[in-house]
Amino acid sequence: MIAPTWVQLVFLACGVCFILALKGLSGPKTARNGNLIGAAGAVIAVAVPFFYKPDGVDHLHHVPLILAAIAIGTAGGVYGARKVQMTQMPQMVALFNGVGGGAAALVALLELHEHGDLFDWFPLAATAFTIVVGSVSFAGSVITFAKLQELMTSRPVVFPGLPVIFGGSFIAAAVLSVMLVNQPHLWIGVVLALLGLVVGVLLVMPVGGADVPIVISLLNAFTGLTVAAGGYVLSNTVLLIGGTLVGASGTFLTLLMANAMGRSVANILFGALKGGSTLGGGEASDRPVKSAGPEDVAIMLNYAERIIIVPGYGLAVAQAQHSLRELVDVLSERGAKVDYAIHPVAGRMPGHMNVLLAEAQVPYEQLKEMDEINGDFKDADVVLVVGANDVVNPAAKTTPGAPIYGMPILNADEAKQVVFLKRSMRPGFAGIENELLFEPNTTLLFGDAKDTMSKLLNAVKAL
Amino acid sequence: MIAPTWVQLVFLACGVCFILALKGLSGPKTARNGNLIGAAGAVIAVAVPFFYKPDGVDHLHHVPLILAAIAIGTAGGVYGARKVQMTQMPQMVALFNGVGGGAAALVALLELHEHGDLFDWFPLAATAFTIVVGSVSFAGSVITFAKLQELMTSRPVVFPGLPVIFGGSFIAAAVLSVMLVNQPHLWIGVVLALLGLVVGVLLVMPVGGADVPIVISLLNAFTGLTVAAGGYVLSNTVLLIGGTLVGASGTFLTLLMANAMGRSVANILFGALKGGSTLGGGEASDRPVKSAGPEDVAIMLNYAERIIIVPGYGLAVAQAQHSLRELVDVLSERGAKVDYAIHPVAGRMPGHMNVLLAEAQVPYEQLKEMDEINGDFKDADVVLVVGANDVVNPAAKTTPGAPIYGMPILNADEAKQVVFLKRSMRPGFAGIENELLFEPNTTLLFGDAKDTMSKLLNAVKAL
Amino acid sequence: MSVSVVWLTFFVLSVFVGIEVISKVSSTLHTPLMSGANAIHGIILLGAVLVTGTTDNTFALIVGLIAIVLASVNMVGGFVVTDRMLQMFVRKKPKADAATQTPGDTK
Amino acid sequence: MSVSVVWLTFFVLSVFVGIEVISKVSSTLHTPLMSGANAIHGIILLGAVLVTGTTDNTFALIVGLIAIVLASVNMVGGFVVTDRMLQMFVRKKPKADAATQTPGDTK
Ligand SMILES: NC(=O)c1ccc[n+]([C@@H]2O[C@H](COP(=O)([O-])OP(=O)(O)OC[C@H]3O[C@@H](n4cnc5c(N)ncnc54)[C@H](OP(=O)(O)O)[C@@H]3O)[C@@H](O)[C@H]2O)c1
Ligand SMILES: NC(=O)c1ccc[n+]([C@@H]2O[C@H](COP(=O)([O-])OP(=O)(O)OC[C@H]3O[C@@H](n4cnc5c(N)ncnc54)[C@H](OP(=O)(O)O)[C@@H]3O)[C@@H](O)[C@H]2O)c1
């Protein structure tokens with residue numbers, strides 16, 4: 001497809017928009033504008049084919065149908081994006097990523113069907129890559145979605161023959177790709193797509209508990225690379241640049257995230273296959289703990305000078321962030337120094353907790369990152385752990401073999417008093433018991449966080 | 001020039017080396033390896049043409065002569081690079097940059113001579129650009145060298161007709177470039193080169209005192225862009241990528257530097273043309289000051305608990321950094337807390353002071369950047385200003401119109417005692433008087449820094 | 001230059017841009033960044049439109065339209081959801097004293 | 001794609017790489033960075049070699065040889081002088097206590 005020069009220049013400009021978008025998205029002040037620039041680039045790029053004669057045809061065919069399809073997709077996308085709760089953001093990203101991967105695979109299949117016989121070996125290899133990896137991304141994202149939405153167990157799913165089936169599908173995909181390069185038949189492409197789906201499912205199934213969001217990020221990078229390969233097949237710079245940007249930055253981001261959890265990506269993906277260690281307990285223990293009512297905790301907070309809040313996923317689920325913000329305001333007014341300690345993987349995705357607290361209008365300055373505040377815990381009078389668990393679990397330091405072993409944690413155990421707000425003795429996402437719950441200076445305040453938090457707020461106000 | 005695929009791949013790899021080189025050079029731990037990777041890429045790229053058949057000719061002609069020329073250039077470059085003193089680094093960079101720009105202009109002239117009649121308008125425009133800007137870079141760098149090496153006055157040189165001549169040459173260059181695009185005659189190229197030389201001289205002449213190093217950085221970026229344009233003319237990726245990298249990063253670096261001096265680049269280049277403000281005094285004043293001997297200063301230092309050293313260009317000229325390091329070691333041993341406050345433009349180039357102190361093996365941790373230490377001056381018992389002047393001159397804050405007005409400075413004036421080591425009452429590079437010298441809590445220790453520093457060291461040791 | 005080398009060069013340069021441009025991101029912004037990047041690869045919509053609009057085979061047309069729907073969900077939904085997340089970061093203007101704010105807006 | 005657009009794309013991407021790659025540099029390293037970048041544009045030597053080695057005109061040959069000499073000074077000198085500067089940064093290994101060092105090596 002040779003496009004006229006002005007089209008090529010517009011596409012280059014759209015590629016630049018994507019660069020500026022990523023650049024913007026990596027700074028808090030510029031993030032929103034960055035996203036808008038990216039959207040502008042994307043919209044312009046998509047509008048272009050309606051205004052020139054692509055690939056020898058005198059005009060774009062099926063324009064009404066295409067516009068209708070875009071309208072349907074847009075409506076669905078906007079609806080989903082508007083309705084989703086902030087706690088469900090990871091699932092949403094996974095789903096959007098999956099459909100993108102699926103679309104890339106379909107585009108590659110079509111291109112194979114239409115022009116495959118004219119292709120050289122290199123474009124054919126890129127086509128095979130796009131079909132397989134796009135399907136992997138699609139199927140993997142769907143499973144990820146199911147796990148996070150609790151449509152299926154979030155624990156690792158492993159069965160005896162899994163590594164064999166996985167390896168077999170992988171090899172079959174490689175062999176078929178080579179076949180496709182030699183003879184560009186559509187059926188080979190279709191089989192490749194099906195194999196990709198199998199590989200995608202098998203890739204994500206054994207990934208357990210705490211690690212699913214890393215997989216989302218990885219699949220996101222995969223989709224980026226498939227789009228880049230698709231751009232090569234279609235000779236389209238904007239697809240190539242946009243896809244490559246996402247592929248490269250996504251891969252890097254995945255490494256950053258895995259790093260924040262103290263894990264390697266290989267370990268996350270294949271750890272469960274080697275058996276064992278990601279399979280934590282999961283049932284509630286009945287060892288004795290110290291529990292208290294909101295009034296007792298209120299008194300404790302009232303006399304504390306230095307308070308650190310550790311918010312976690314449960315805070316978000318309970319939608320207790322607004323009452324928490326209010327509680328913090330009251331306590332600060334009374335002279336206590338209160339900060340939020342944000343663990344990088346608190347919540348279900350890195351940076352997720354910041355989004356949730358930002359939603360509740362917590363001032364940015366009160367949010368302290370882990371490295372910044374970890375030294376302060378030993379001076380804290382009270383640490384209030386609201387719906388968090390794994391991110392303060394000392395097993396990460398003390399129990400080799402625990403699924404979170406090696407992950408840096410917040411040193412809540414060093415504080416004078418620790419108060420947990422949770423509903424039960426059930427463990428967190430990683431499925432392992434938290435020794436800190438049984439320590440003598442730990443107090444539990446049972447109940448749904450939203451409910452206990454407002455009781456606590458009233459009790460503090462009453463003092 | 002269509003090169004075989006392997007050559008193109010090698011060139012791409014060399015381009016990647018340059019990227020990695022710049023990346024490495026921007027971190028202290030990786031800098032040296034980065035530079036070596038860049039050198040490796042450059043050497044490989046230059047070796048390539050000896051191993052394939054460029055441009056239809058069956059082999060590279062004149063190989064012995066070319067190798068001889070490379071040998072001569074290498075010998076000269078290595079000799080210069082080895083012999084230069086660290087204080088003269090800015091001149092050396094200027095000179096190397098200038099010859100690079102000159103080479104680019106010559107290459108473009110040759111290309112015009114050999115293939116100009118085959119060129120489209122766009123390559124011709126690029127050729128014109130390379131010739132003009134390469135010559136500007138060459139001439140400008142030579143003048144810069146002369147100014148820094150004190151072969152001519154470092155004060156701004158302005159004469160009445162200057163803006164007119166400058167503007168005229170500029171317009172003439174533009175007109176001739178248009179002519180060249182229409183009819184690729186060699187003589188037009190030669191005239192363009194001469195005009196470029198004139199523009200280069202006139203561009204740097206009026207830049208005065210403190211600002212010359214910014215001009216080096218700017219000319220460096222110019223040369224990068226000419227090399228990029230040359231790469232386009234020769235259809236050579238490695239020239240294009242390497243040149244563009246330098247052009248872009250050099251421009252950015254120039255802005256960073258100008259920012260550190262609190263000036264705009266336009267103001268630096270054309271400030272003097274508008275007349276006036278960059279023309280400081282330059283003669284020594286004879287207002288009364290308080291001076292003292294090394295013994296008095298030694299006693300002062302001996303009883304100080306918090307000492308901050310402000311090193312400047314004079315320290316480097318005097319080669320007193322080694323005795324200074326020794327003095328600091330002795331004082332630290334006796335329990336004082338001593339740090340070096342490094343102004344970003346102390347010395348003659350940003351970061352220059354760090355190089356000089358690193359040469360004297362001052363430990364990295366004792367070097368504090370301006371923002372880091374500026375709050376500490378008010379607690380300092382003694383500030384020892386060694387061969388520095390402008391970077392502690394309060395005129396930057398108090399005297400609008402002073403050449404350094406707006407530049408952030410080190411708050412030495414807030415300290416309890418200030419001691420200056422300098423030879424005379426003469427001003428610094430910017431040519432303006434320093435009020436701080438006349439303050440009641442300022443003491444002057446006159447003499448060459450190397451000499452007074454060792455006397456001071458002995459006096460301290462004797463206590 | 002051969003076409004494949006040209007594309008390889010685009011690819012290599014874009015890899016560096018992609019990595020360098022985000023290498024300073026703070027973990028606060030990981031989620032919106034991932035989501036924004038996710039929206040960007042929705043540009044596969046352009047590919048889907050080009051392929052669908054140049055075919056005359058009914059089967060290909062149907063598959064192409066499905067690809068368009070999927071890709072638009074990715075692209076449009078991605079940008080909208082990212083914007084929704086980022087709105088929250090922007091809303092917080094520096095207040096004189098966080099503790100004296102009115103508690104309002106508790107959903 | 002047309003050749004000029006290809007080169008323009010290379011240029012644009014390289015501009016971003018160039019800026020992003022150095023945007024984290026601390027002012028400590030400005031001087032070596034400038035010097036290293038200066039050495040990199042010495043790659044014009046490659047251009048000088050290519051032009052000189054494909055001409056048969058004596059005048060052009062002489063000019064080309066001059067260009068080669070100048071460019072090699074830029075390239076080789078640039079890398080060597082940068083290395084010399086950077087050696088100083090590397091030499092300092094963390095010492096137990098800076099104050100107890102032997103003063104030696106005062107030139
Ligand atoms: N953010 C990321 O990037 C990322 C990525 C991958 C994995 N993860 C994983 O996600 C986990 C994050 O740790 P976390 O400490 O934030 O969460 P967590 O360990 O999953 O703990 C959440 C706690 O909240 C409690 N909870 C749930 N709903 C509640 C409600 N309505 N009211 C009160 N409490 C409620 C739960 O206890 P009850 O059931 O007893 O109430 C649970 O103990 C880690 O395992 C991390 O590795 C995060
Ligand atoms: N680093 C950069 O990036 C950069 C870029 C552009 C411009 N500049 C300019 O360079 C200047 C740097 O400021 P600075 O404070 O480092 O230097 P400065 O203002 O030039 O002062 C140097 C002082 O050292 C004294 N001195 C010279 N030789 C000496 C010797 N042998 N022994 C003792 N003292 C000696 C001089 O006084 P006596 O003659 O009385 O001895 C002079 O006052 C600023 O104006 C800055 O803007 C720097």
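Here the structure is a predicted model, which is why all the values come from computation and not from measurement. Here is how names work: the chains are called A, B, and so on, in the same order as the sequence lines, proteins then strands, and each is numbered from 1.
- Summarising the geometry of A/Gly73 relative to C/Val73, their closest heavy-atom pair is O-CG2, 3.4 Å, with the distance given to 0.1 Å.
- Looking at A/Thr254 and A/Ser217, their side chains do bring a donor and an acceptor atom within 3.5 Å of each other.
- The line from CE of A/Met92 to CG of C/Asn38 is 10.0 Å long, rounded to the nearest 0.5 Å.
- Counting heavy-atom neighbours within 6.0 Å of A/Arg82 CZ, excluding the residue itself, gives a total of 12 or less.
- Options A/Leu245, A/Ile241, A/Leu110, A/Leu36 differ in how many heavy-atom pairs under 4.5 Å they form with chain C, and the most are formed by A/Leu110.
- Only the side chain of A/Glu369 comes within less than 4.5 Å of a heavy atom of chain C; its backbone N, CA, C and O stay farther away.
- Within the 4.5 angstrom heavy-atom criterion, no atom of C/Ala39 approaches chain A.
- Contacts between A/Ala31 and chain C at a heavy-atom distance below 4.5 Å involve backbone atoms as well as side-chain atoms.
- Looking at C/Leu61, only its side chain comes within 4.5 Å of chain A, counting heavy atoms on both sides.
- Between C/Phe11 and A/Tyr232, the ring centre distance reaches or exceeds 6.0 Å.
- Both the backbone and the side chain of C/Met34 come within contact range of chain A, with heavy atoms under 4.5 Å apart.
- A donor-acceptor pair shorter than 3.5 Å can be found between the side chains of A/Thr223 and A/Ser137.
- Most heavy-atom pairs under 4.5 Å with chain C, from the set A/Val78, A/Thr237, A/Ile72: that is A/Thr237.
- Only the side chain of A/Phe50 comes within contact range of chain C, with at least one heavy atom under 4.5 Å from a heavy atom of that chain.
- A donor-acceptor contact closer than 3.5 angstrom is absent between the side chains of A/Asn354 and C/His30.
- For A/Val43, the parts lying near chain C are the backbone and the side chain together; criterion is any non-hydrogen pair under 4.5 Å.
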